[in-house]
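Below is one structure, written out as structure tokens; the observations come after it.
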Amino acid sequence: IIADPRHPYGFFFDWYGDLVPYSRLNNTPPVLCYLLALAYKATGGAEWAMRLSFWPFDAAAAVALYLIAARFLQRPLLPVLIVLACPAYLINMGHLMAEKPMFCFVLWSLYGLLRAVDGARRWFWASAGFLSAALLCKYSAIFVVLPVLVLGRCRGLSWRRLAAYLAVAFSGLAVYLLWDLSRDGAFLGAFWRTTAEAARWPWAPQKLRAVLTFVGGCGAVALFWPHAALRGKRPLLIIAAAAAFLFLPSFDDGPVRLADRLLGAVLAAGGAWNLGGTALHWRRLSGGRLWISWMSGVLLLLLVVYWSVMARLVLFLVPPVAFACAQSLEQRWPQAGIRKFYAAALAFSLLLSFTLEAVDMRYADAQRRLADSVFTRFSGRRIWFSGHWGLQHYLEQRGGRALERRGGWDQVRGGDVVILPRVNTNVIWPDRQVLALRSDVMVGHWLPLRLISAG
């Protein structure tokens, strides 16, 4: 983009050994890429400065979250801080991903919609404009359409007015699609290919338990609010039995440790408890229509549209779940008790996020130190590696070569060094026996927590 801003994806990408035009692989409009290019020009690419330049999106998102919560909660500050302190936000949104500006625009779109249906007409088109900006960041912002339709119809907006709203909201994406079709239609092709992955991903039980586990894990504080939703022993027993059934070994598609299975079942039960409680009791809450339509839109995105289950998408479920629980608490608890509960929940959420971050930093630092030690110890030899993420970045910086799917292992010769990570993605293992001196490097941490598992 810096070299040729008119062609943001005008370069070739090494895709498993084939040089492919990046436009055929990318399924996201280039808004984030332009923002990154501007930040890079302004900062020179320093990591701290790049991250700081995107901080206004975090600040604006926090303000929008507060304004939304304040419309329904008597004490909105602490619930908002709890949402921002959860692992899904505090850790994930530190990355410069398309979801960062998208989250900001989505929240302002929802706030504008609330103002519009309450009579502030100027916010109607502003809300549509914010949704248009969100869709240009990433098409997964489409989940907002459901709360738009639900709130709009419940507040008496005509279908014609809602159609005009959606026309404005999708206008930016439509212009980009027309521009793409006038060239080679690569974006549309990549979009359909990746969306089709959702159909090949098993809907149940693997995808269902992944969604429920991420909901329980990303919004872990919500696990401590069960009394705010479902009550009584019978619902608890039903949900516990369903979670245990969902995590039976017969549904596994790979090896699973017992500790991971038990933790997954607990987190999935917590996620199901809060989602189910909101679904059953949303009519009792003044913000119930917003919470249930917001949650339903994200769940449809995760279970039907999107090809994978990731914390940065499950994050969009955390605000409606947390605010619904908070609103239910406010109906039954005294204010003094709620403040103490919120303070404890916020402290726990921060503790969990910071400890998870410590484990994540340990793993990231180990990749950097491994790259340094390998090139120091085996100076003068060819260094090969498989896998991606930070390990690839650090090894390529020092001259390491990536093994490709096509003929990668055929290029390895005697005396070469090959690095194969077990906790990474798309690692290419040899398809035949290889004679080598093997050395295992273990990365541990005293905290029994982790963010990354083998893939």
Side-chain angles (χ1 to χ4, degrees), residues 1-4 8-22 25-26 30 32-54 91-92 94-98 100 357-413 415-430 436-445 451-452 454-455:
I1 290 175
I2 294 174
D4 186 1
Y9 297 139
F11 60 93
F12 285 86
F13 192 79
D14 188 345
W15 187 248
Y16 299 119
D18 294 326
L19 284 178
V20 181
Y22 188 67
L25 304 174
N26 178 74
L32 175 70
C33 299
Y34 281 107
L35 292 174
L36 288 170
L38 288 172
Y40 190 89
K41 286 286 288 185
T43 65
E47 182 176 346
W48 68 270
M50 289 285 288
R51 291 180 185 274
L52 186 61
S53 65
F54 276 74
I91 297 175
N92 251 299
H95 304 152
L96 303 187
M97 303 177 296
K100 180 187 281 286
E357 187 70 76
V359 177
D360 200 34
M361 289 177 64
R362 167 71 172 167
Y363 178 73
D365 184 60
Q367 296 176 89
R368 184 186 294 109
R369 288 189 292 109
L370 175 67
D372 290 336
S373 64
V374 166
F375 277 88
T376 300
R377 179 180 176 185
F378 300 104
S379 177
R381 297 194 191 184
R382 291 198 304 178
I383 310 294
W384 299 88
F385 68 92
S386 188
H388 297 281
W389 301 337
L391 180 67
Q392 175 184 4
H393 174 75
Y394 299 127
L395 289 171
E396 285 184 339
Q397 272 189 333
R398 293 156 178 78
R401 305 182 186 186
L403 288 172
E404 304 294 350
R405 290 195 184 277
R406 292 188 180 183
W409 280 93
D410 294 334
Q411 301 176 58
V412 179
R413 299 289 181 266
D416 290 356
V417 177
V418 180
I419 299 173
L420 295 173
R422 289 193 175 274
V423 183
N424 209 287
T425 183
N426 294 328
V427 178
I428 303 169
W429 295 87
L437 294 175
R438 174 174 167 174
S439 177
D440 293 329
V441 178
M442 302 296 294
V443 180
H445 199 285
L451 287 167
I452 300 174

Roughly how far, to the nearest 0.5 Å, is the [atom2] atom of [Y] from the [atom1] atom of [X]?
X	Y	atom1	atom2	value
Ile419	Gln367	CD1	CD	10.5 Å
His95	Phe54	NE2	CZ	13.5 Å
Arg401	Glu396	CZ	CD	12.0 Å

(message) Taking atom CH2 as the centre, does Trp48 end up with more than 12 heavy-atom neighbours from other residues, nucleotides or ligands that are less than 6.0 angstrom away?
(response) no

(request) Please confirm whether the backbone N or O of Thr376 pairs with a side-chain atom of Ser379, one donor and one acceptor, at under 3.5 Å? (result) no

(message) Using a 3.5 Å distance criterion without hydrogens, assess whether the side chain of Arg368 forms a donor-acceptor pair with backbone atoms of Tyr394.
(response) no

For residues 32-45, which side-chain donor-acceptor pairs fall under 3.5 Å, sequence neighbours excluded?
unit_1 : atom_1 : unit_2 : atom_2 : d
Tyr34  : OH     : Pro5   : O      : 2.5
Thr43  : OG1    : Ala39  : O      : 2.7
Thr43  : OG1    : Gly45  : N      : 3.2

Specify the closest pair of heavy atoms between [X] and [Y], including all atoms of both residues, with the distance to one decimal.
X	Y	answer
Phe375	Arg398	CE2-O, 3.1 Å
Gly387	Pro421	CA-CG, 4.4 Å
Leu391	Ser386	CD2-O, 4.2 Å
Leu403	Ile428	O-CD1, 3.3 Å
Pro8	Ile1	CA-CG1, 3.6 Å

(request) Flag the pair Asp416 / Arg381 as yes when at least one side-chain heavy-atom distance between them is below 4.5 Å, and no otherwise. (result) no

(message) Using side-chain heavy atoms (C-beta onward) and a distance below 4.5 Å, is Asn424 in contact with Gln392?
(response) no

(message) Check this for me, if you would: do Arg369 and Asp372 make a salt bridge, where the nitrogen-to-carboxylate-oxygen distance has to be below 4.0 angstrom?
(response) no

(request) Measure the acute angle between the ring planes of Tyr22 and Tyr9, then classify it against the limits of 30° and 60° as parallel, tilted or perpendicular. (result) perpendicular

